[in-house]
Each structure stands twice: as structure tokens, then as C-alpha cells.
Amino acid sequence: MKDVKQAARSFGNHYAVIYEQVFASIRYGFLKKRNHPKQYRICHLSENALSSLGAMNLQENSERGESVILVVQKLPPANPIITIQRILRESGKIGLKCHLYLMLDDNVPSFSLDNNLYREQIDREMTVNVLRKGKWGSYYKLPVPKSIHEEVDQLVTFVNHPTEVDLKFIGLNPVVRELGKEEASTVLDYSGISLSGHNVMGIAYKPKGFGRNLSLDPIFQWTVPPSFPLIGAAALPSAYLMAHVIMDKILRVPIKKTAFILNGQTPIGIACISLCLNMGYDVFATVPNKAARKLLMILFPEMSESHITDHNNEDFYVPVMFATGGIGADIIISDLPRRQMLVAWKCIGEFGCFVNLNEETMDHNAPLPMGRFNECNGYYSFKQSSLKDLPKEHKLRLHALVSESLASGRIVHIPHQILDTDNLNQLPRSVELITEQGGKLILDVSNDCTGKKTHKPTREKRNGLNGHSEWIANGDAHQTYIILTETAGKAVNIIDWLLERGVKKIVMATLDMRGGESAIRKINNSTIKHDAMFLMVSNDMMKTASGVKKLLGKAERLGKISTILAISLDEHVDILSNVGDELKQLKNDCSLINIQAATSTYESDDMVTIVCSDDVDCSHALGQAMTDPDKTATYVVSSKIENRLNDSAPGACEKLTDYLPSSIHELEEMGADLCLRDSQIDIRNSAEFLYTPSLSPRTATEIDDVLPVFIVPAFCQTQLKPLISKLIYPCYVAHVHPEAGSTEQVASHLLESMLKIQRRGPYTLVGETWSGGLAILLAKLLTDAKLEVSLFLLQGVPQRFLSLLPPRESLNAHLIKLLFELDDEKNPEVFEEPDETKRLDKVVESLPFNKDFLRRSFKAIQRQIESLKSSQDHSISLNNDIFLMEVSRFCKLSVIEVETMSEKRGQLVKIDCENYKKMLSNPQLSAKIAEEAPFTW
């Protein structure tokens, strides 16, 4: 179309143009149908927008759903994004559909529905409209560009030619994506030219932390075979070294030789396949895709195509079991996640050896069924980072084994992809692709290494490409950094972040020290580990202008103040104001960075603002702010899902019905399950845990191998099926008899049931919504018995639900009314019965469903809610690990509240989803339980 507006008019003026763009000679337009007629209420806001909103008294004078146009005709404050979000949030809370017009130009005409300048924009029905330089637009939440991995982009800078080798190429292992996660050094391959002029290759180590150079292993170095180019040589050392470490551990039985290599397209997988084929093994392998399968067929034409399967398919193990007549493989080498690893474990033959290379399963102690050990099988795990700490004698032996492989001429050329240092921004995706498709990523450092000894990189070069890489203290390391925080717990991660980047002097003041002992211990341990200085000053210094002045003076004695970071001082804007005033008096150039929640009202042109909630990682924004602290900027850090939820429902609130059955069918299904389980438990017990199928292949008789998960449901297991179906552990769900006694008696009987199923700890206990109080009581009984337990509460903090309940005297009537509302063909006459018992009977009798099931469901709901109300005066004070799993949009808990719930570890996990039922299906929930659930060998 030549003219989008003209085309819109051709539709009878029923469409407004939202967006248009030209591609070559073609013009495209995005049209939106106008909703006429529509009445708008126009309100003009002053510069102090929030005060204007309050003065308008919108809640009294407006109906919910009314469309309101809010006009701001003066210049916005320093942080317009925050102001816009706040206006939309506040108006949304009272149910108004708000359209905000922000006028940044001078001499704009008065706002009027009849003015075409505004009429076109109104027809578009955009939420935020900004007029700037004569054009309409909006503020977008532009994300801080994510750098490549926090240490990899510093790798080139810190190569610094070792005296014995001129490095040309560095081989990056897939584990580089997690570089810096652990204390151990990262293993890298290298190739280069020695002082004698020979091409050499070997193993290098990059210690954790910034500014620390590579070191070459003096034993693990080999001369590159003449047939190998220097580039390809950088793909070999660690792969063949790990392959020989694995094969050296294995007891090889010459009668039968079958090897099963999982993830065979990786460098280590390729090397293992090569060694096994040379030793005469019948080799089977798995790959993640067709490209990797094709690669193995090219590298190893002697392998049968049927021997290579896709480990994403559930039957990937069938060929190896069929070929061995169901006996299984002699060697299994796996670096797959726990689910595939457990399946592969069942394929190990008698006297076989299973080698696990997947570091995630090692770190999280993936449960390993013990039954296979009855057949004299062996299990080994080995981290690549452990190569550095091997004894010298072992290193010499491995060096000799790799040398034999090189001399044999049967070394396989491992495919590789070259990445030069000018394209480091492609690194994360390149590592991912090369790992999936097979081979190794090689970093070409030959040009950048030239003259590194004499040439000092610029700050921009040290900090990476385009100024968007991770910040390092470097020359600022011995300057002083001040942390002003509400609680010590909120500063732990940021202090760790500073120490890892070379900061050596930190001064901290906190407003509230309650429950902060654990956080202070962590900070002290980190400063000792990094050989840094940490000074904690009196909290009184933060509260007054004179105190702030003394604080800065004390910090300045340690060294020049570089940066002040204010953390979660949202309700203490006077502190920020005092700090800002004192900074103006300082002679040196000091930066102020304020990390605050979106609800903060403090704004200033003299600081950098990072807007994020307590549980969101703001390190990328902080790194960007520290890299260029002179720029006054606002960073809004949040997930896309969170933004979408907040935008669509800014006034979202919980209702009692969100945690009750949503239909009569659901109520009947719940009643049927409850009646069935009533018949399964001993009448002498008021409550009992009953086995419920999950992903775990274990049966009740095999429970000793893998510890179960005990779940206390709100009513019964039917609503928890989406979660249970994703758990990899055996599951036992509590059932409470309808004639059960007190909550204390129920908890006591559940404890007896748990001890019959699992004789010793540690235990994993899950409580949800209405059952949170019972789960907390059961956890206390376990800890009182000196038993270890990890408690997961799924929206299960009792105080939350007490606020949703009606008064005690109207509770039954309210529940009956909710039940009545579920019926699509309800008869209002049945609700006129004054007696509650008879009213319930009439409501139930009027429904075309199983009456006994409905009554049983109602009794379970009534009992659980009454039980919760009886515990309303009890606070949460535990002596075990507690994990609070919350729907992020409804969560009102603070970090300090979570810390005070337990003397041990307390963690708040917010899950971005629409409601609680969606949270039960969210894989993040089941993954967190699987990750944190304790187990024992």
C-alpha cells in the first residue's frame, strides 16, 4: 500500500494506524480496530503526579473499568520510567484503565479530544504516549546488553605470554559456560610455539577470579604431531587426557567388551569412542540431534548406524540392551543430566563400570539407586577441574598414555570452530552450538597476544567489547567502597560480586542487625578468602546528616572513596538525601548507586538508580553502572514474564477461591479420591502417608535406595497431580481421616507414618496453601526428634490465608455460598434455608452429582480451614532448612521475614506465573524440589 492512513480510511474509518514501516518499495502497516463510541475522563496531573492522583480521589468518583486519560504537561522528574510505572500501578489498583500522555515539548496545544494531534493517538488506545520533538512515542525498557561470560571476555587480556610458550590458540571446553561458579580452576587447552621453536600443546588452568593469569601445567604438555595443524591441536589435550583418566580407572574384562558413550559428539565423547574402538570394544553412543549423529558417522565409519541413538528419546538405551541380550554394557560414560543418567545406570552389566562426568549431578548429589551395586559394579565420577590436583606420579602416567596415543597415529581430528577475539560477543551461542553439533570451540589469541608484555590495554579494552563487559576494579581495587543497606543479608551477594572483581576495601553500615549474624559470617569468610579488608560501622552513623559525614570521614581514612552503594533504603530517603549532600562537599569524584524497589519515591539527578526486587540478580546492570559511573542513568531489572504480568494486572490480588476447587466436577473428583483413601488407612490412625505414583521408577519395597518426598496436601492429592507427575523421587501424600482429632494428633500420627516408611533422615517435606500450618508443625516434631528435614512451603505461609478468610462466625455460610456459586444451574430457593446444616444438604441435593463425594470434599475443606484458623497465633520459628515457593505477583514477603523464620537456611523462590495452579505445573517448582531435596547413600 502506498499510504497506510489512506488504506485505513478505505475500511470506513474503522481502523487506526498503530505502526508502519517501509521495506524496499512496499509499505506495511499494523492496524487496530477502533472501539467507538468510547467515553474518556480527562485528568491533568501536576509535576508531583502521585499527589495529584491522591487528590483526584479516583476511588470514590470512578467506576471500575472506567477509561481515564492522565495528562502530564510539565517536564518529568529524573526517572520518568519509574514515574510512569508508578502511575499505571496506582491507577490499576483501583480498577481504572489508564492512558498516560506525557508532553515533553514546549508550547504544545491544550489537550482536547477534538484536536487531531491527540485524536489520532487516542484512537490507537496506547497505554503510554510521549510527545517529544513533535513525534509520538513511548519509553521502552531497554535491557542492559548482557556481556559474554564474566571471565571469558577477560581471558585474552590475561593470557600474558608465559615465558616458555607463545600461545596462539586456546581451546574452550563446554564447562566454560559455568566458569567462575566453583572455586576450582577451569581447565583450558592451548597450542603455541615453545622457546625452542617446536609446536606444542597442553593443559592450562584459569583460576577463579578476575585479574588472575593463566598457568600452564608443566607435565601435561606434548609436541604436536607433524600431521596436525596448530589450530586443531588446541582441541586435543583435555579430551584425550580425560579419556585416558576414564579408561585407566576401568577394570577391563577381555571376554566381553561393550562400551556405551552418552553425549558422544563432545570432545571427550569423541576421544572415548576412539580409544574404545582401538581397544576392540563394541561401541554404542548417544547424540542430541541429527547433525551430531552425522558427525559421528563421518568420524567413525566402522560404527554401525544403529549403534548411535538420540538421548532425547526415552528408548535411547534399547539398542545396547538388545545387542547384549539384556546383560548391559561393560563401560558406560555419561555427562547427561540426572534423568538420562538414571536410565543409563540400569544398562550397566555385571562387573561393569559407570563413569559420570556431569558436574551438575555431582554438585546436586543426584540420587543413584543402589540395587545395581549388588552385581559388583563400579561407579566413578570425575571433574575436569580435578586434573590440576592429581598426584605427580599419576600425571606422569597419564602423560605417557596420551603420548602413546599420539605416537600411534590413530588420534581422531576433533572438529573445531575458530572464534577470533573481535567476535567475543558471539561466544555464548557459539559454545552452545558447537557443543550440540559436536566438536570444540577454539579461541584465536595469536594477534592479541603480540606485544602484550609491553603494551598496557586501555580501560575499554580491559573491560571488553563496546564497553558492555564485566567491570573489574583494576586500579580502583585499593580505593574504598561503602555499602549502606537495610539488612546485612541484602548486601551479601553484592559484596561477593565486588570482592570477586578485585575490590580490597569495603565499609558497611546497616539499619537492622536482627537475624544478620549468618550474613555477617558469610561476608567475613569472603573477605578473608579474597584477602580484603571489611569494616562494619555503627548503624547510628546512617541516621543523621552528621553521622553520614563521620561515616564518610572514617571510610576516607582507609583510602579514597570510589563508590557508595545504597541497597533497599526505599523507606529511608532522608539517608540518601544526606549522602547526596555530603558527596557534593567531597573533593574527589565519588559515585552514588542506589539499588531500590520500584515502589521507591526517591529521585535524584546525582546518582545512578537500579530498580529491582530483592530476589532479582542485578549484576549486569551494576557492572554497566560501575563501568561508566559518570552517566546518570536508571536501570530497570526484571524478567519479561514479570513485566507482562505487572502490565496486564497491575492491581492483581488473591481471592479465597483461587485456592479452592474451581468447579463441581473438581469437587466431586476430590471427594472420590478422599473416600477411596478413607478406606485405605487404618481406622486407628487419624492420618497416614500413602504412596502416590510419580516419575520415580522405584516401588514401595525399593524405597531404601532413593529417599522419598512427603507431601501434606491442602485437601487431597488430585490438585497436586501436575507437580507429582514431574518429581523424580517416590512420593507419599498425607491423608487425614474425616473423624480425625486435633491438629497436634494428626501431626503425631503423620510422624509415625513417616518413620515407618523412612527409618532415618534426612527428610523432604512439602506443604501447600491450607496445609502450611500442619507441615510446619510436622517439621517441628521431626527436628525435636533430632531428625534433619527440609521443608518446602508452596504458597503455604499461614498468615497469608488468614487474611483471605471471612470472620469465623460466617465461615461455614461463606463456604456453602462458594459451593452454591459453582453450580451453573443454581436454584436460589435452596439458599434461603436459615439453618447452615440443612442449607448445605439442600445445596448438595440440588446438584446432579454424587452427593457423598461432595459432602466429603466440603468436610475436608471445612476441617483444613478451621485447623488453620486455630493456629493463627503461632509464628513460624523453625530449626531446619525452609524454602518458600511463591507466585511472584502475589508475594509480599521480604528477605528479612524469610530469614527470621528459621535458625538455619531460609530461601524465598518467586515463580513467574499467573496463579497457584499454574505454579504447580511450572517446571521450575519441581526442579527446585529435586535440586534441594536431601538424600543419603
Side-chain angles (χ1 to χ4, degrees), residues 152 155-156 158-176 185-206 213-247 266-272 274-275 278 299 384-388 390 392 394-421 431 434 438-450:
V152 174
L155 193 58
V156 179
F158 295 113
V159 165
N160 288 335
H161 278 314
T163 55
E164 66 272 21
V165 177
D166 178 7
L167 296 183
K168 298 298 183 183
F169 301 97
I170 293 178
L172 302 177
N173 294 308
V175 76
V176 165
S185 299
T186 300
V187 176
L188 302 167
D189 300 89
Y190 72 85
S191 63
I193 302 173
S194 67
L195 293 177
S196 60
H198 294 95
N199 289 353
V200 294
M201 61 183 180
I203 299 295
Y205 307 110
K206 173 65 175 69
N213 297 335
L214 292 177
S215 61
L216 307 189
D217 193 299
I219 297 177
F220 291 148
Q221 187 178 104
W222 298 267
T223 302
V224 178
S227 60
F228 264 80
L230 200 58
I231 297 176
L236 293 178
S238 65
Y240 271 87
L241 193 56
M242 286 292 291
H244 278 291
V245 168
I246 294 167
M247 300 307 293
T266 64
I268 296 176
I270 292 171
C272 288
S274 175
L275 287 188
N278 293 339
L299 293 177
Q384 201 173 45
S385 58
S386 301
L387 290 172
K388 181 181 181 181
L390 290 175
K392 182 178 179 181
H394 196 179
K395 284 189 175 184
L396 292 172
R397 172 175 170 76
L398 292 172
H399 183 277
L401 291 173
V402 175
S403 297
E404 289 178 14
S405 295
L406 292 171
S408 69
R410 290 181 290 184
I411 291 283
V412 175
H413 290 250
I414 295 177
H416 55 270
Q417 176 180 322
I418 302 173
L419 187 70
D420 61 47
T421 55
V431 174
I434 199 71
K440 188 109 166 181
L441 188 65
I442 305 295
L443 187 62
D444 182 356
V445 297
S446 55
N447 293 328
D448 293 78
C449 286
T450 305

Hey, what do you get for [atom1] ([X]) to [atom2] ([Y]), rounding to the nearest 0.5 Å?
X	Y	atom1	atom2	value
Leu275	Ile270	CG	CD1	12.5 Å
His198	Ile193	NE2	CD1	11.5 Å
His416	Phe169	NE2	CZ	8.5 Å

Practice problem: Apply side-chain contact (heavy atoms from CB on, under 4.5 Å) to the pair Leu406 and Met201, showing each step before the final yes or no. | Solution: CA-CA 12 Å; Leu406 292 171; Met201 61 183 180; 3.6 Å; yes
Self-check item: Ile411: which of Pro225, Ser274, Ser405 passes side-chain contact (heavy atoms from CB on, under 4.5 Å)
Solution: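 Exactly one candidate clears the test, Ser405.
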Quiz item: Taking the side chain from Asp189 and the backbone from Ser238, do they hold a donor-acceptor pair closer than 3.5 Å?
Solution: yes
Self-check item: For Leu396, side-chain contact (heavy atoms from CB on, under 4.5 Å) partners two or more places apart
Solution: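 Counting only residues at least two positions away or on another chain, Leu396 forms a side-chain contact (heavy atoms from CB on, under 4.5 Å) with Ile219, Lys392.
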Exercise. Could I get the full list of side-chain contact (heavy atoms from CB on, under 4.5 Å) partners for Ser408, not counting sequence neighbours?
Key: Arg410
Return the minimal non-hydrogen interatomic distance between [X] and [Y], and the atom names on each side.
X	Y	value
Val224	Pro229	CG1-O, 4.4 Å
Val412	Tyr240	N-OH, 2.9 Å
Ala239	Pro267	CB-O, 3.4 Å
Ile442	Ala235	CD1-N, 3.9 Å
Gly192	Leu230	O-CD1, 3.7 Å

Quiz item: Side chains of Leu236 and Ser191: closer than 4.5 Å at any heavy-atom pair?
Solution: no
Exercise. Measure the shortest side-chain to side-chain distance between Tyr205 and Val187 over non-hydrogen atoms and say whether it is less than 4.5 angstrom.
Key: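 Of all side-chain heavy-atom pairs linking Val187 with Tyr205, at least one is under 4.5 Å.
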Exercise. Take Met242 and Leu387 through the side-chain contact (heavy atoms from CB on, under 4.5 Å) test and state the conclusion after the steps.
Key: CA-CA 8 Å; Met242 286 292 291; Leu387 290 172; 4.2 Å; yes
Practice problem: Please step through side-chain contact (heavy atoms from CB on, under 4.5 Å) for the pair Ile203 and Leu188, ending with a clear verdict. | Solution: CA-CA 6 Å; Ile203 299 295; Leu188 302 167; over 6 Å; no
Quiz item: What pairs meet the salt bridge (charged side-chain N to carboxylate O under 4.0 Å, His left out) rule with one or both residues in residues 215-241, with sequence neighbours excluded?
Solution: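 Found Asp217-Lys395.
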Self-check item: Derivation and outcome, side-chain contact (heavy atoms from CB on, under 4.5 Å), residues Lys388 and Phe220
Solution: CA-CA 10 Å; Lys388 181 181 181 181; Phe220 291 148; over 6 Å; no
Quiz item: side-chain hydrogen bond (donor to acceptor under 3.5 Å, both in side chains) with Ser215: which residues, sequence neighbours excluded?
Solution: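 For Ser215 there are no side-chain hydrogen bond (donor to acceptor under 3.5 Å, both in side chains) partners, ignoring immediate neighbours.
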Self-check item: ring-ring contact (aromatic ring centres under 6.0 Å, His included) against His399, all qualifying residues, sequence neighbours excluded
Solution: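 His399: ring-ring contact (aromatic ring centres under 6.0 Å, His included) contacts with Trp222.
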Quiz item: Who passes ring-ring contact (aromatic ring centres under 6.0 Å, His included) against Phe228, sequence neighbours left out?
Solution: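 Testing Phe228 for ring-ring contact (aromatic ring centres under 6.0 Å, His included), a comparison that skips the adjacent residues, returns His413.
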